[in-house]
Amino acid sequence: MFSIQGGEKMLEGLNPQQKEAVLHSQGPLLIIAGAGSGKTSVLTRRIAYLINERRVAPWQILAITFTNKAAKEMRERVENIIGPTALDIWISTFHSMCVRVLRRDADKLGYTNSFTILDAGDQLTAVKQCLKELNIDPKKFDPRGLLASISNAKNDLLTPERFADTVREGDVFGKVAADVYIAYQKKLKANNAMDFDDLIMKTVYLFQHHEDVLSLYQNRLHYIHVDEYQDTNKAQYKLVQLLAQKKRNICVVGDSDQSIYAWRGADITNILNFEKDYPETTVIKLEQNYRSTGLILQAANKVIENNAERKAKNLWSTKPEGELVKLYKAYDEHSEAQFVIQQSLEHIKSGGKHSDIAVLYRTNAQSRVIEEALLKSTVPYTIYGGIKFYERKEIKDIIAYLRLIANLNDDLSLTRVINVPKRGVGDTTVGKVLDYAAIHEISAFQALMEIESVGIRGKANGAIKEFVLLMRNFASQMPYLTVTDLTSEVLKLTGYRKELELEKTLEADARLENLDEFLSVTAEFDNKHDLSEENRLVEFLSEVALIADSEQTDGEEGPESIKLMTLHAAKGLEFPVVFLVGLEEGMFPSNRTLLGGDERDVEEERRLMYVGITRAEEKLFLSHAGSRMMYGQIKANAQSRFIREIPPNLIDEVGIIRRQPTQDRVRSEIPGMQNGARVPSNFGADPNLTWEVGEWVSHRKWGLGEIVKTEGAGDNLELYIQFEDLAIGMKKLLARFAPIVKTED
DNA sequence: AAGGTAGCGGTTTTT
DNA sequence: CCGCTACCTT
């Protein structure tokens, strides 16, 4: 197994720079890997080489990635070279790695080792609760903004106290953020919960304050690899530095031109300054691109050249020039979608596969129009991201139940489920319980256990007693049940499933389906974990918390479908045919960026464009729409500056596709309105009109209806309208607000 | 306590 | 445009 021939084989087909990167096995190594330069091959072969030829034990190697998907792929590829030994290599994302460290030693930081992990939604809820407690008006201080400040502070390794010190005199928002951060962190700790940023920050803190823990990992990990190093934030940077400073065999791979995560704290200077941090660094540049045809690559190079803050680099390729980049100006977003379909069909007709094709856009919302068009076509598709499985209400509910069972003192989960399904325990009751808990410094669940002293009587009292009994039962049964059985029992005994079954609506059925889907997730977990594992439930919950939703579509993805995803989700992937849609000023670069007026933000968007272009292997289609519905209004956007940055000689411009009738447009062609005019949106009926019984009107949402009765006058005029659609029936509307127009009978 | 409605605000991007 | 929230009603 450990043969020298193996070593030669490991270098097979690599260019000199790639070989050097594989063989370099002492000291810091910085690999500047351009798009499509085969960096994954280099990384995997390097790891295999260390094990096979340098006889490094697999468990002495750490490889950090940013997504679970990348970790999985890396593990598979190393395994292909050296066999199952690869399973012992510590390959994981930053976050899973930190969870593993913290599950062992979080008690040293005052948390229990079974702490729960909060997702974005939970974080926001927690912030809102803090605002309430601190009597801060969420309208004046946007909870999302505050959360972003807190998150930034954590990425910069600022504790609440240190963050407060950084707030400048007169910075009102900062002052509030500092107060909220303190309350928020206190709340999380009381709930034994950590958010995503905590996972990294607390691990760094643990290493900095517990020498023994740090040494354990420093001594064990002889070789450390970090993929996508340009995406690391300050906390991640520090973490890597702490781990690597003893053995100093640190290999980082990245491309500053593909840094697209500044908005979540990624600090491009981490990679730019790597050589300063480790003066003995060897730098290897991988500039040969093996992915794209010549003209596509030229287009990418030309676009990225417009960035001022950048280290010069020029990707080259020996591939043929290939086809010109195709540019389509569509009439509107619907014809843009039609264009994608037409071209896809053409690709199939000429012998291509659906799976060759990817449609990339700036924001998830853009997928809707394209999906609607695809639904009516014969083209199979898979959307990545978008509506997220783990963000659905029913899934969050059942997870909250499981969390509560794992930790009865988890107030955040408790408040989520105490009245789901409806038990007659409303806001008022919950408020009293929480007040009582706060005064006595106990958890909400403990307060529920002494509900008599809280002073809740009647229906709520009985419901709470039943709830407490149920939860305690679950908690005591937890060690003997698989996660699947536990989940089924919860759904049954809480009446959650029953309630949905009785609803008999399409929506309820979909929710039930999702719950069944969730049960297959638990079943998969149970297959891999023995009942004797004490912390199974906690383990399951952290696994679920760390899954990125863009990854979870994987299992069920139709192999023969075109793929729709955001540009961010496409990073690291490649496709023979790529559509970049919505290339308009205001869409991409986005309005936020343009209004912000910060040139560095535009540069980040440009890097995103660069990422998009370099995903394409053979064909690249760019498109933009002359007009587009945005926020309910038709907007005409200029073509994106990023298109203009591609030299015209690389572009093959294809004519405008004529507008096609769509249902949306039919709906706006109400008699009496000018064709194409906008349907009233934010305001009600025309105030100059009078409304009489017997007249027919058209309502924006409910369609045609007859006025059967009127009440009041002027601003208070109320119309009783019997709508044609029986499912809608009669409605009472205030004429001043109702989005209605008159029709000619 | 629960259900409905008007008003408001929001849209990046994700571990 | 859609979805969420803060009220208002029952």
Side-chain angles (χ1 to χ4, degrees), chain A residues 64-71 92-99 117-120 123-124 128 138-139 142-145 148 151 155 195-200 228 231-233 235-236 260-266 360-366 368-369 384-386 388 390-391 419 422-430 458-460 463 545-551 565-571 582 586-596 601 604-605 607-608 611-612 628-635 664 667 678-684 700-701 731-734 736-739:
Chain A
I64 308 175
T65 61
F66 270 80
T67 63
N68 289 304
K69 197 172 174 181
S92 84
T93 60
F94 269 104
H95 295 267
S96 327
M97 179 183 104
C98 291
V99 169
I117 301 166
L118 299 189
D119 67 24
Q123 290 175 41
L124 198 61
K128 284 180 185 164
K139 275 186 182 150
D142 174 30
R144 284 168 190 280
S151 177
N155 288 335
D195 63 21
F196 282 122
D197 305 309
D198 280 334
L199 295 176
I200 316 275
E228 309 281 14
D231 288 336
T232 50
N233 61 33
Q236 290 161 333
I260 54 175
Y261 285 107
W263 52 272
R264 68 173 194 209
L360 310 182
Y361 34 78
R362 180 67 179 83
T363 64
N364 280 309
Q366 288 169 261
R368 207 198 80 239
V369 173
Y384 291 76
K388 302 181 174 172
Y390 288 101
E391 279 177 22
N419 204 26
K422 302 257 182 292
R423 299 188 170 86
V425 183
D427 291 345
T428 347
T429 311
V430 173
K459 193 179 161 207
L546 292 177
I547 290 177
D549 277 292
S550 55
E551 290 157 25
M565 65 185 87
T566 62
L567 286 152
H568 283 87
K571 181 153 171 223
M587 290 292 287
F588 184 31
S590 78
N591 253 331
R592 280 193 146 218
T593 307
L594 297 177
L595 295 174
D601 291 342
E604 173 146 324
E605 299 259 319
R607 290 193 291 270
L608 196 53
V611 166
R628 171 184 302 273
M629 185 78 93
M630 288 172 95
Y631 307 109
Q633 286 189 324
I634 294 169
K635 291 264 169 72
D664 279 344
R667 185 149 43 106
R678 202 152 56 81
V679 177
S681 89
N682 280 331
F683 38 88
R700 178 164 90 246
K701 195 163 152 201
K731 297 278 180 189
K732 184 171 82 172
L733 302 166
L734 208 51
R736 185 154 58 101
F737 292 123

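Atoms considered below: every heavy atom in the structure, side chains included; atoms not considered: hydrogens, waters and symmetry mates. Each chain gets a letter, A, B and so on, in the order the sequences are listed, and its residues count up from 1.
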A:V425 or A:H95, whichever maps to the more 5' nucleotide of DNA chain B: A:V425

Closest-nucleotide ordering on DNA chain B, the 5'-leading residue of A:A460 and A:T566: A:A460

Phosphate contact (B:dA1 OP1 or OP2) by A:T429 side-chain N/O below 4.0 Å: yes

A:L124 CG to C:dT5 C1', straight-line distance once rounded to whole Å: 13 Å

Contact check, side chains of A:S92 and A:T65, non-hydrogen atoms, under 4.5 Å: no

Touch class at under 4.0 angstrom, heavy-atom based, for A:D119 against every strand present: nothing

C1' gap between C:dA6 and B:dT11, integer Å: 23 Å

pi-stack flag for A:W263 and B:dT13, centroid dist under 5.5 Å, interplanar under 30°: yes

Residue A:T428, side-chain atoms from C-beta onward, closest of B:dA1, B:dT15, B:dA2: B:dA1

Spacing of A:Y361 atom OH relative to B:dT13 atom C1', expressed in whole Å: 12 Å

Any A:R144 side-chain nitrogen or oxygen under 4.0 Å from OP1 or OP2 of B:dT11: yes

A:A569 side chain, from C-beta outward: closest of B:dT14, B:dA1, B:dA2: B:dT14

Minimum heavy-atom distance between A:E604 and A:A262, given as atom pair plus value: OE1-CB, 2.7 Å

Main-chain N/O of A:G145 paired with A:D142 side-chain donor or acceptor, under 3.5 Å: yes

A:N155 vs B:dT15: side-chain N/O to OP1/OP2 distance below 4.0 Å: no

C:dT5 OP1/OP2 closer than 4.0 Å to side-chain N/O of A:K128: yes

Sugar-phosphate only, base, or nothing, as touched by A:S96 at under 4.0 Å among non-hydrogen atoms: nothing

Sugar-phosphate, base or nothing in reach of A:K635, heavy atoms under 4.0 Å: nothing

Nearest-angstrom distance from the residue atom CZ of A:R607 to P of B:dT13: 18 Å

Integer-rounded Å distance: C:dC2 C1' and A:M629 CE: 12 Å

A:N364 side-chain N/O to B:dT11 phosphate OP1/OP2 under 4.0 Å: no

A:N364-A:T566 side chain donor-acceptor pair, cut-off 3.5 Å: no

Phosphate contact (B:dT11 OP1 or OP2) by A:S590 side-chain N/O below 4.0 Å: no

A:R264 side chain near A:N233 side chain, heavy-atom distance below 4.5 Å: no

Length of the CG-P vector between A:L199 and B:dT15, whole Å: 14 Å

Sugar-phosphate, base or nothing in reach of A:K459, heavy atoms under 4.0 Å: nothing

Contact under 4.0 Å: A:N233 side-chain N or O vs B:dT15 OP1/OP2: no

Whole-Å distance separating the CD atom of A:Q366 from the C1' atom of C:dC1: 15 Å

Carboxylate-amine/guanidinium proximity below 4.0 Å for A:K571 and A:D231: yes

